[in-house]
Amino acid sequence: MSRLHRRSVLALAGTVLSAGAAGCLEFIDDDGEDLTEPGAGDVDIVWDDLVRVDPDTEDERVFVWAVVKNVGDRTLNYVEIRATFVDAAGAELERVIEHVDEDVSSGEEWSFEVEFPQFGEQAAAVAGYELEPVTGV
């Protein structure tokens with residue numbers, strides 16, 4: 001995990017805990033960049049799919065391929081997609097973050113993929129996923 005990402009996660013954890021009582025899910029990370037939690041309405045996942053490569057082998061890989069769109073009125077300079085991979089029982093197996101660090105204009109679409117970090121049997125256990133967008137201006 002990068003140092004910047006660790007700081008963002010720590011800032012998020014502390015701020016969400018203190019802001020949770022106020023009903024606010026917005027925070028500022030250590031670099032002063034405003035980030036907005038999912039549900040802010042700036043990013044819409046317009047298509048997504050779970051893809052398997054080399055299924056039923058020790059080299060099996062799993063990833064989510066998706067297309068997202070900036071549906072807000074502002075240009076975003078940071079977009080983060082959090083993918084939570086789950087097993088058949090719905091238990092979380094792994095959480096992976098993909099991000100775009102360039103300006104994303106209003107109305108613009110882009111594709112991305114988030115790969116499950118393990119192979120073989122561990123990848124075969126992935127039965128589903130959840131995607132959550134986080135944005136910054």
Check your understanding: Can you tell me how far CG of L131 sits from CZ of F112, rounded to the nearest 0.5 angstrom?
Key -> 5.0 Å

Check your understanding: Of all heavy-atom pairs between V86 and E92, which one has the smallest distance, and what is that distance?
Key -> CG1-CA, 4.1 Å

Point to revise | Residue pair F116 / L93: nearest heavy atoms and the distance that separates them | key: CE1-CB, 4.0 Å

Point to revise | Check: V46 and E109 side chains under 4.5 Å, non-hydrogen atoms | key: yes

Review point. Does anything in residues 51-64 pair up under salt bridge (charged side-chain N to carboxylate O under 4.0 Å, His left out), and if so which pairs, sequence neighbours excluded?
Key: R52-E60, R61-E115

Check your understanding: Should V104 and W47 be regarded as members of a common hydrophobic cluster, given that ILVMFWY residues are connected when their side-chain heavy atoms come within less than 4.5 Å of each other, either directly or indirectly?
Key -> no

Review point. Do V67 and W110 touch side chain to side chain, with heavy atoms closer than 4.5 Å?
Key: no

Show me the donor-acceptor pairs within less than 3.5 Å that the side chains of residues 117-130 make with the rest of the protein, sequence neighbours left out.
{"residue": "Q118", "atom": "NE2", "partner": "E94", "partner atom": "OE1", "Å": "3.2"}
{"residue": "Y129", "atom": "OH", "partner": "D48", "partner atom": "OD2", "Å": "2.3"}
{"residue": "Y129", "atom": "OH", "partner": "D49", "partner atom": "N", "Å": "3.3"}

Review point. In the single-linkage hydrophobic clustering (I, L, V, M, F, W, Y; side-chain heavy atoms under 4.5 Å), do I45 and F63 co-cluster?
Key: no

**Study point:** OG-CZ distance between S105 and R74, expressed to the nearest 0.5 angstrom
**Key:** 13.0 Å

Review point. Which is it for L76 and D42 under the side-chain contact (heavy atoms from CB on, under 4.5 Å) test, yes or no, and what are the steps along the way?
Key: CA-CA 8 Å; L76 304 172; D42 289 325; 4.1 Å; yes

Review point. Going from CD on E132 to CZ on R82, what distance comes out if it is rounded to the nearest 0.5 angstrom?
Key: 6.5 Å

Review point. How about W65 and V114: do any of their side-chain heavy atoms sit closer than 4.5 Å?
Key: no

Review point. Can you check whether V51 reaches V64 side chain to side chain, under 4.5 Å on heavy atoms?
Key: no

Practice item. Sequence neighbours left out, what passes salt bridge (charged side-chain N to carboxylate O under 4.0 Å, His left out) with E98? Give chain and number order. Key: none

Review point. Is the side chain of N70 donor-acceptor paired with the backbone N or O of G72 at a distance under 3.5 Å, no angle test?
Key: yes

